[in-house]
**Student:** 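A single structure is presented below for examination.
The first residue in the sequence is number 1, and the count goes up from there.
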Amino acid sequence: MLGIYDISEAEKEFVISRKFGEELTENVFYQKLEETNKEVAERFKESVAEAARLLEPSEIFVVSDIEATKERLVSALVREGILIPINPEYPNSYLYRSDPNDVARSEKDTYICTSGSKDDVGPTNNWIHTDEAMSKLFQLLHASLKGKTMYVIPYWLGPKGSKYGQAGIQVTDSRYVVVSLLLMVRCGEDAAEDIAKSGSFVFGIHSTKNLDPKNKYICHFPDENEGNGLIISVNSNYGGNALLSKKCHALRIASNRARKEGWLAEHMMMIGVRSPDGKEVFISAAFPSASGKTNLSMLDPPEKLKQQGWKTSLISDDIIWLFNHDGMFNAINPEAGMFGVAPHTNYETNPNAMKTISHDTIFTNVAIDSEMRPYWDGLPKPKGELIDWTGKKYNGTGFTAHPNSRFTSSIRQYPYLSERYDDPAGAPVSAFLYGGRRAKLVPLVYETFSWEHGVLLGAMQRVETTSAAEFKAGILRNDPMANRPFLSYNMGDYFQHHIDMGAKLSKKPKVFSVNWFRKDVNGNFIWPGYSNNMYVVRWILDEVAGKTTDRVKTPIGYIPKPEYFEQFGFDSATMKSILDVDSKGYLEELEALKPFFEMFEERFPEKLWKEYYDLKSRLEDDIK
């Protein structure tokens, strides 16, 4: 039982028999679940009944056959005008417009709930005591699905058969959420065997209620549901707040479990890079949302390198789980779909993304042209009028597509999906990259001196905010490891966990900083980015392979020799300007960071303070 509602055995049996007893008898998912693990099947039935007793839906629908569910719901949503079919050039693709006040992750309304104290979650999280949160949420949720259908989506995060995967159950009243999850996760009857064998599941309750922004809550209870985790979201229908398998489960709930069990749940993309000699190396990267992570995950090598035999493949565009496998990090992608930022995605910046979203895609809050083609900033301007993301004729002011407009597609549609994506054991990670939007100071790329120095680099990450969350864009914000919004425990302990995990590895990933966004004195980007980022990856791979002749030691780490990039057509003067290390500027950066680190008091690791002061000393010596 979830423990979210005081439901008697008689009430449970009444809800089960009245609401979905017949549904379960004929449901293939439930039949497979019961055949494999009767105990998990009973727990599933009890948990759904408990949620139904609280929400009081008129019907319950358990997702089993994915294609049949998709056809049923999409047809109804199209009839009602909620999903709008777009031009047949994009087969089986639709436009969805959210409420104008519900367009991004809402961090101010996101809470971690424990029965202890605020110190459990640290100064970077919002906290409510479990009892207070439950009381408030139950008042909001009580009978909130009256007259509606409660959809139940059983899902599996991770490759089929992976011992590293996790099960989840989400209930929701949103058909948009259901059809999105059908693209985002392995679900229904195909997930039944893995869910049954796992023996447990995270449970998520989502109700759009009346989309009241004053009563919006996205709450995470890592210790509830018999310690497996409970998520409750109310008054939002936006992806990150409503697709509970994604940030809520795969990062916030998973991060707490990872600390307890000795692994990492990271906001990282991961790709494989195959050299002409056939050797494949996997690298991962942590960038905040809308900071180039999707573009790097779908990196398309320049034509010159393609002709030489260089290839890339995708493991994950957003989230990975890392485990110690024979002394090295192996990682899996827990997700089965993509929820990417649309603006500035085009055939020049990200051709592989454009191929991925060319069919069977849900576009959220984009504009459409007069021929019902999706449009956003970065695409060629169409002739004729545009209908903006709110459904109104565009008058030339404001945004056509919302800056945080999105595409949702199955990862299977990606043209270069890695063969290791489905590997239950995952793939080995040889490099961590940390990066984000920094117009000044941070060089194009540099390598840290050690794993601990790399943890400090991740902890030091400060980036310019974007539209992916409800912030004013362009403000410099501390976002360690790009995971600040997605961690469910004290970040000081998270830093220590990174140090401890590294200590257990015999072959640690090398750690790098990258910054595609440095600008010149005229405010123009110095680095051309996109496919050219492959040249930076080439240097990183050389470092991973131990080819260290093309680097220079600086106070912050190893940078490439500027002339290294001449082989790719870049002049040394330009590269020198983008690789320049401003020691005085970095000292100012350390001073600006110190109050943030001090927020964690004794939980900030001593080893990181040592790395901090060692870096400061090197910078001071360089100035002298």
Side-chain angles (χ1 to χ4, degrees), residues 124 264 266-269 283-288 291-293 296 320 322 329 429-438 440-464 476-484 487 491-492 494-503 505 508-518 536-537 539-540 543-544 551-560 578-583 585-594 596-597 600 604-619 622:
T124 56
L264 293 172
E266 296 300 312
H267 186 211
M268 283 182 156
M269 67 105 237
I283 63 174
S284 63
F287 301 164
S291 293
K293 180 155 54 69
L296 185 61
I320 58 174
L322 300 112
F329 271 141
V429 182
S430 295
F432 276 16
L433 280 59
Y434 292 117
R437 290 180 176 268
R438 292 298 298 267
K440 301 177 181 179
L441 186 66
V442 181
L444 176 65
V445 59
Y446 68 90
E447 180 188 351
T448 61
F449 295 129
S450 66
W451 174 258
E452 291 78 12
H453 182 199
V455 177
L456 178 67
L457 169 63
M460 287 175 61
Q461 199 164 20
R462 299 171 78 215
V463 295
E464 296 164 17
L476 209 56
R477 177 183 187 235
N478 295 99
D479 193 359
M481 283 85 166
N483 217 6
R484 175 176 176 159
L487 197 64
M491 186 163 274
Y494 173 65
F495 298 147
Q496 184 63 55
H497 185 48
H498 265 256
I499 293 170
D500 294 343
M501 286 299 299
L505 302 176
K508 303 172 180 61
K510 289 184 177 291
V511 185
F512 300 82
S513 166
V514 296
N515 177 28
W516 322 125
F517 302 96
R518 192 154 163 175
V536 175
V537 171
W539 181 78
I540 289 170
E543 291 294 296
V544 167
R551 71 184 189 186
V552 178
K553 188 175 183 179
T554 76
I556 62 171
Y558 298 109
I559 64 168
I578 200 173
L579 291 168
D580 177 62
V581 176
D582 177 3
S583 291
Y586 262 99
L587 280 172
E588 292 171 355
E589 181 85 352
L590 285 180
E591 282 304 307
L593 281 159
K594 194 173 185 181
F596 177 71
F597 291 164
F600 303 103
F604 192 81
E606 284 296 324
K607 285 188 177 180
L608 283 199
W609 277 128
K610 181 181 184 305
E611 291 292 337
Y612 175 96
Y613 285 110
D614 284 351
L615 173 56
K616 184 178 180 182
S617 178
R618 292 194 300 269
L619 292 166
D622 186 59

**Student:** side-chain contact (heavy atoms from CB on, under 4.5 Å) between Q461 and R484: does it pass, once the steps are laid out?
**Tutor:** CA-CA 10 Å; Q461 199 164 20; R484 175 176 176 159; over 6 Å; no
**Student:** Quick one: CE on M501 to CG on L322, what's the gap to the nearest 0.5 Å?
**Tutor:**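 The CE atom of M501 sits 8.0 Å away from the CG atom of L322.
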**Student:** Taking side chain as C-beta onward, heavy atoms only, is L457 less than 4.5 Å from V511?
**Tutor:** yes
**Student:** Contact between R518 and P443 at the side-chain level, heavy atoms closer than 4.5 Å - yes or no?
**Tutor:** yes
**Student:** Verify salt bridge (charged side-chain N to carboxylate O under 4.0 Å, His left out) between E589 and R462, making sure each step is shown before the conclusion.
**Tutor:** CA-CA 9 Å; E589 181 85 352; R462 299 171 78 215; 3.0 Å; yes
**Student:** Ignoring hydrogens, what is the shortest heavy-atom contact between S284 and V429? Give both atom names and the distance.
**Tutor:** OG-CG1, 3.6 Å
**Student:** Quick one: CE on M268 to CZ on F287, what's the gap to the nearest 0.5 Å?
**Tutor:**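 Going from CE on M268 over to CZ on F287, the span is 9.5 Å.
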**Student:** May I ask you to say whether R618 pairs ionically with D622, meaning some side-chain N is under 4.0 Å from a carboxylate O?
**Tutor:**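 No salt bridge links R618 with D622.
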**Student:** Using every non-hydrogen atom in the two residues, find where P288 and A482 come nearest and quote the distance to one decimal.
**Tutor:** N-CB, 3.5 Å
**Student:** Applying side-chain contact (heavy atoms from CB on, under 4.5 Å), run through D614 and K610 and close with a yes or a no.
**Tutor:** CA-CA 6 Å; D614 284 351; K610 181 181 184 305; 2.8 Å; yes
**Student:** Indicate yes or no: at least one non-hydrogen side-chain atom of E447 is less than 4.5 angstrom from one of S513.
**Tutor:** no
**Student:** Looking at Y612, is K607 sitting on its ring face, NZ or CZ under 6.0 Å from the six-membered ring centre and within 45 degrees of the normal?
**Tutor:**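 Not satisfied by the 6.0 Å and 45° rule.
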**Student:** What are the two closest heavy atoms between P480 and A459, and how far apart are they?
**Tutor:** CG-O, 3.6 Å
**Student:** For the pair Y434 and V514, evaluate side-chain contact (heavy atoms from CB on, under 4.5 Å) and give the outcome as yes or no after the intermediate values.
**Tutor:** CA-CA 6 Å; Y434 292 117; V514 296; over 6 Å; no
**Student:** According to the interplanar angle, ranging from 0 to 90°, do the rings of F600 and F596 count as parallel (below 30°), tilted (30 to 60°) or perpendicular (above 60°)?
**Tutor:** perpendicular
**Student:** Apply the side chain to side chain contact (heavy atoms under 4.5 Å, CB included) test between P560 and each candidate in V536, V552, V445; give the one that qualifies.
**Tutor:**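 Looking at V536, V552, V445, the match for P560 under the side chain to side chain contact (heavy atoms under 4.5 Å, CB included) is V445.
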**Student:** Under 3.5 Å, is there a donor-acceptor pair between the side chain of T554 and the main chain of V581?
**Tutor:** no
**Student:** Can you say whether the rings of F604 and F597 are parallel (under 30°), tilted (30 to 60°) or perpendicular (over 60°)?
**Tutor:**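 Parallel, since the angle between the ring planes stays under 30°.
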**Student:** Are any non-hydrogen side-chain atoms of W516 and L296 less than 4.5 angstrom apart?
**Tutor:**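 W516 reaches L296 side chain to side chain.
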**Student:** Taking atom CG of L456 and atom OG1 of T448, what is their separation to the nearest 0.5 Å?
**Tutor:** 9.5 Å
**Student:** Could you measure the distance from the CG atom of L444 to the CG atom of N515? Nearest 0.5 Å is fine.
**Tutor:** 7.5 Å
**Student:** When you look at M491 and N478, which way does the side-chain contact (heavy atoms from CB on, under 4.5 Å) test go after all the steps?
**Tutor:** CA-CA 12 Å; M491 186 163 274; N478 295 99; over 6 Å; no
**Student:** For Y558, which of Y446, F449, W539, F512 qualifies under ring-ring contact (aromatic ring centres under 6.0 Å, His included)?
**Tutor:**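 When Y446, F449, W539, F512 are each tested with Y558, the ring-ring contact (aromatic ring centres under 6.0 Å, His included) holds only for F449.
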**Student:** At their closest point, which heavy atom of P509 faces which heavy atom of L505, and how far apart are they?
**Tutor:**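 In this case the closest contact between P509 and L505 is CD-CD1, 4.0 Å.
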**Student:** In sequence, state the C-alpha distance, the side-chain angles, and the governing distance for K616 and E591, and then conclude on salt bridge (charged side-chain N to carboxylate O under 4.0 Å, His left out).
**Tutor:** CA-CA 9 Å; K616 184 178 180 182; E591 282 304 307; 3.6 Å; yes
**Student:** Which heavy atom in V463 sits nearest to a heavy atom in G435, and how many Å separate them?
**Tutor:** CG1-O, 4.3 Å
**Student:** If you take all heavy atoms of F329 and L264, which pair is closest and at what distance?
**Tutor:**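 Closest heavy-atom pair between F329 and L264: CZ-CD1, 3.5 Å.
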**Student:** How long is the gap from NE2 on H453 to CD1 on I556, to the nearest 0.5 Å?
**Tutor:**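 If we round to the nearest 0.5 Å, H453:NE2 and I556:CD1 are 7.5 Å apart.
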**Student:** Please determine whether salt bridge (charged side-chain N to carboxylate O under 4.0 Å, His left out) holds for the pair E543 and K510, giving the CA-CA distance in whole Å, both sets of side-chain angles, and the decisive distance to 0.1 Å.
**Tutor:** CA-CA 8 Å; E543 291 294 296; K510 289 184 177 291; over 6 Å; no
**Student:** Could you measure the distance from the CD1 atom of I283 to the CE atom of M269? Nearest 0.5 Å is fine.
**Tutor:** 5.0 Å
**Student:** Does the side chain of H267 come within less than 4.5 Å of M481's, by heavy atoms?
**Tutor:**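 No - every pair of side-chain heavy atoms lies 4.5 Å or more apart.
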**Student:** When you look at E464 and R438, which way does the salt bridge (charged side-chain N to carboxylate O under 4.0 Å, His left out) test go after all the steps?
**Tutor:** CA-CA 6 Å; E464 296 164 17; R438 292 298 298 267; 5.2 Å; no
**Student:** Angle between ring planes, H498 versus W451, binned at 30° and 60°: parallel, tilted or perpendicular?
**Tutor:** parallel
